[in-house]
Amino acid sequence: MSRILVTGGAGFIGANFVHQTLRTLPQHELTVLDALTYAGSRANLNGVLDSIRFVEGSIVDEATVERLVRESDVVVHFAAESHNDNSLEDPSPFIETNLVGTFRILQAVRKHEKRLHHVSTDEVYGDLELGDPEKFSESTPYNPSSPYSASKAGSDMLVRAWVRSYGIHATISNCSNNYGAYQHVEKFIPRQITNVLCGEPPKLYGEGLNVRDWIHVDDHNRAVHAILERGRSGETYLIGADGERNNRQVIEMILEALGKDPGAYEKVRDRAGHDLRYAIDYTKLRQELGWRPEYTEFAEGLRQTVDWYATHEDWWRPQKAATEARYRRKGQ
Ligand code: NAD
Ligand code: TDX
């Protein structure tokens with residue numbers, strides 16, 4: 001049994017981590033620390049709030065972090081500002097949470113000699129050319145493009161420095177694009193599903209040729225557990241699931257899954273500095289830790305996700321109008 005502190009456990013991936021852990025590894029005791037920003041919600045933890053300790057607070061708050069880390073065995077650090085488009089409009093919360101917040105976690109982990117797993121993204125590596133056989137691996141040089149990815153790259157570097165200089169016991173994972181239940185409607189897949197459910201066309205940035213390497217959130221979280229159980233301290237593991245698709249293909253699949261004309265989408269203004277392609281080589285995770293994705297058919301995982309949004313309108317409806325109003329102001 002471990003006492004696990006889950007930062008950002010009321011957000012998309014963190015909440016799915018909590019649900020999965022309680023379902024599959026009920027011996028663990030979970031504490032969630034979450035600031036409940038626009039992206040986090042108690043509703044993401046419906047049905048399990050009685051089985052965990054929930055603390056509303058910020059990872060930037062030194063005293064709170066210090067106390068909760070002291071009371072835990074392991075910290076799984078998901079909390080972050082996570083949306084590229086928002087980081088282009090106002091980078092400041094990204095610097096605060098992703099850099100200063102991670103620094104606070106590191107100092108507390110160092111002081112109390114606890115285990116840390118830092119959850120990061122493949123975007124720290126920049127982007128790849130279309131049609132290039134190359135993929136990101138653990139040895140790809142960092143080359144982030146947006147304020148979001150630069151802040152995540154910086155947080156990874158802090159973790160690496162604390163491992164080397166202070167000898168903390170930490171691992172890092174860099175995962176590709178997640179999809180699944182409880183993802184905020186600002187993100188690509190939920191935005192398009194809920195647009196169609198509202199009778200609006202999906203919105204494609206530019207020509208939609210940008211490629212993302214999709215992984216189901218449950219596969220990501222199973223990989224995090226594999227790293228917690230068997231990962232070597234100080235190591236980085238890339239997480240992916242062979243899910244490369246361009247954005248136009250994904251929109252067509254969503255429209256088809258909802259019984260609509262696959263061409264019924266709208267092209268909107270492209271994202272500034274838009275990364276072209278992400279792709280993950282997860283050989284190290286597979287060979288060293290024996291992990292494999294369970295969702296091997298993206299079309300099937302996507303259909304399940306479409307069904308989840310279609311049956312959980314009460315969950316996404318309150319966020320939808322304000323999110324779309326923000327996009328409309330930017331011509332997106
Ligand atoms: P999310 O935006 O859905 O959730 C983030 C959570 O962190 C929210 O609950 C929010 O309230 C909380 N939070 C924000 N600032 C905080 C603060 N200062 N203190 C405490 N809590 C705070 O994000 P997500 O998609 O679930 O991403 C989780 C992590 O996974 C992030 O670190 C992200 O960089 C990483 N990641 C995401 C993806 C993806 O595709 N979504 C892929 C790879 C890595
Ligand atoms: O309406 C849209 N139309 C569109 O074409 C939106 C919101 C996005 N897009 C495009 C931009 C990207 O090429 O879809 C792709 C995916 O966009 P996002 O969902 O914003 O994800 P991305 O920018 O790729 O970053 C995601 O994956 C890596 C997560 O948001 C990050 O937190 C994670 O680190």
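Along the sequence shown, the residues carry numbers beginning at 1. Just the heavy atoms: all of them, side chains too, but no hydrogens, waters or symmetry mates, feed the values below.
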Item to complete: Evaluate side chain to side chain contact (heavy atoms under 4.5 Å, CB included) for Asn247 paired with Ile251, printing each intermediate quantity in order.
Response: CA-CA 6 Å; Asn247 296 335; Ile251 280 190; 5.8 Å; no
Worksheet entry | Donor-acceptor under 3.5 Å (Asp34 side chain, Ala10 main chain) | yes
Discussion item. Please identify which of these residues, His83, His184, Glu186, meets the side chain to side chain donor-acceptor pair (under 3.5 Å) condition with Tyr38.
Written reply: Glu186
Practice prompt. Go through the steps for His169 and Glu113 under the test side-chain hydrogen bond (donor to acceptor under 3.5 Å, both in side chains), then give the verdict.
Written response: CA-CA 8 Å; His169 183 21; Glu113 299 183 358; over 6 Å; no
Worksheet item: Between Ile280 and Lys135, is a side chain to side chain contact (heavy atoms under 4.5 Å, CB included) present by the stated rule, with each step listed?
Response: CA-CA 5 Å; Ile280 293 271; Lys135 297 186 175 196; over 6 Å; no
Response to the item:
The reported gap from CD1 in Ile189 to CG in Asn177 (rounded to nearest 0.5 angstrom) is 8.0 Å
Worksheet item: Is the His220 to Phe17 ring centre distance short of 6.0 Å?
Response: no
Discussion item. Determine whether Tyr148 and Asn98 satisfy the following criterion, side-chain hydrogen bond (donor to acceptor under 3.5 Å, both in side chains), listing intermediate values before the conclusion.
Written reply: CA-CA 8 Å; Tyr148 162 69; Asn98 301 359; over 6 Å; no
Discussion item. If we count only N and O atoms by modelled type, under 3.5 Å, do the side chains of Lys187 and Ser82 hold a donor and an acceptor together?
Written reply: yes
Worksheet item: So does Glu56 have more than 12 non-hydrogen atoms from other groups sitting under 6.0 Å from CD?
Response: yes
Item to complete: Working to the nearest 0.5 Å, report the span between CG of Asn84 and OG of Ser146.
Response: 4.0 Å
Practice prompt. Using the ring pair (Phe, Tyr, Trp, His ring centres under 6.0 Å) rule, pick out the option among Trp308, Tyr309, Trp316 that qualifies with His312.
Written response: Trp308
Discussion item. Could you go through Val119 and Ile13, starting from their C-alpha distance and side-chain angles, then the distance that decides it, and tell me whether this counts as side chain to side chain contact (heavy atoms under 4.5 Å, CB included)?
Written reply: CA-CA 10 Å; Val119 178; Ile13 305 175; 5.6 Å; no
Discussion item. I'd like to know if Arg3 and Glu71 make a salt bridge, using a cut-off of under 4.0 Å between side-chain N and carboxylate O.
Written reply: no
Worksheet item: Is the number of heavy atoms from other residues, nucleotides or ligands within 6.0 Å of NZ (Lys260) greater than 12?
Response: no
Discussion item. Is it the case that the side chain of Thr7 and the backbone of Ala79 share a donor-acceptor pair, with hydrogens and angles ignored and the cut-off at 3.5 Å?
Written reply: yes
Fill in: Heavy-atom pair of closest approach, residues Ala241 and Ile215
CB-CG1, 3.8 Å
Worksheet item: When you look at CD of Gln27, are more than 12 heavy atoms from neighbouring residues, nucleotides or ligands closer to it than 6.0 Å?
Response: yes
Fill in: Flag, side chain of Asn44 to backbone of Phe12, donor-acceptor distance under 3.5 Å
no
Practice prompt. Please determine, by modelled atom types, if Trp291 and Asp219 share a side-chain donor-acceptor pair under 3.5 angstrom.
Written response: no
Item to complete: Examine Phe188 together with Tyr205 and report whether their ring centres are nearer than 6.0 Å.
Response: no
Worksheet item: Shortest non-hydrogen contact from Val306 to Ala257?
Response: CG2-CB, 4.3 Å
Worksheet item: Counting only heavy atoms not in Arg164, do more than 12 fall under 6.0 Å of its CZ?
Response: no
Worksheet item: Can Gln107 and Arg104 be counted as having a side-chain donor-acceptor contact under 3.5 angstrom?
Response: no
Worksheet item: Under 3.5 Å, is there a donor-acceptor pair linking the side chains of Asn178 and Asn16?
Response: no
Discussion item. Ring-plane angle category for His77 and His118, please: parallel below 30°, perpendicular beyond 60°, tilted otherwise.
Written reply: tilted
Discussion item. Working note: Tyr182 + His19, criterion side chain to side chain contact (heavy atoms under 4.5 Å, CB included); need CA distance, chi angles, decisive distance, verdict.
Written reply: CA-CA 11 Å; Tyr182 300 111; His19 288 287; 3.9 Å; yes
Item to complete: Run the salt-bridge test on Arg230 and Glu288 with the 4.0 Å N-O cut-off and return the result as yes or no.
Response: no
Item to complete: Find the distance between CD1 (Ile59) and CG (Leu68) and round it off to the nearest 0.5 Å.
Response: 12.0 Å
Discussion item. For a quick test of reading the model, state the closest non-hydrogen atom pair linking Asp281 to Leu238 and the distance between them.
Written reply: O-CB, 4.0 Å
Practice prompt. Considering only NZ, NE, NH1 and NH2 on the basic side and carboxylate oxygens on the acidic side, decide whether Asp73 and Arg115 come within less than 4.0 Å.
Written response: no
Worksheet, complete the sentence: Between Arg277 and Phe136, the two heavy atoms sitting closest are O-CZ, 4.2 Å
Practice prompt. Would you give the length of the straight line joining atom CD1 of Ile172 to atom CG of Leu116, rounded to the nearest 0.5 angstrom?
Written response: 8.5 Å
Worksheet item: Do Glu89 and Arg326 sit within salt-bridge range, that is, some charged N less than 4.0 Å from a carboxylate O?
Response: no
Discussion item. So which atom in Ile168 and which in Ser233 form the shortest heavy-atom distance, rounded to 0.1 Å?
Written reply: O-OG, 4.1 Å
Practice prompt. May I ask you to decide whether Lys152 forms a salt bridge with Glu123, counting only side-chain N to carboxylate O separations under 4.0 Å?
Written response: no
Practice prompt. State plainly whether the residues Lys267 and Glu207 are in salt-bridge range, i.e. N to O under 4.0 Å.
Written response: yes
Worksheet item: Just wondering, are more than 12 heavy atoms of other shown residues or ligands nearer than 6.0 Å to NZ in Lys111?
Response: no
Worksheet item: Is there a donor-acceptor contact under 3.5 Å from the side chain of Glu235 to the main chain of Thr171?
Response: no
Worksheet item: For Asp50, does the CG atom sit with more than 12 other heavy atoms under 6.0 Å from it, leaving out its own atoms?
Response: no
Practice prompt. May I ask you to decide if Ala39's main-chain N or O and Thr37's side chain share a donor-acceptor pair within less than 3.5 Å?
Written response: yes
Item to complete: State the CG-CZ distance between Leu276 and Arg212, to the nearest 0.5 angstrom.
Response: 8.0 Å
Discussion item. Please verify the inter-ring angle class for Tyr179 with Phe298; under 30° counts as parallel, over 60° as perpendicular, anything in between as tilted.
Written reply: perpendicular
Discussion item. Determine whether a donor-acceptor pair (N or O, by modelled atom type, separation under 3.5 Å) exists between the side chain of Asp90 and the backbone of Asn86.
Written reply: no
Worksheet item: Judged by atom type as modelled, is there a donor-acceptor pair below 3.5 Å linking the side chain of Lys114 to the main-chain atoms of Ala108?
Response: no
Worksheet item: Is any side-chain heavy atom of Glu66 less than 4.5 Å from a side-chain heavy atom of His112?
Response: yes
Worksheet item: So which heavy atom on Tyr142 is nearest to which on Ala153, and how close?
Response: CD2-CB, 3.6 Å
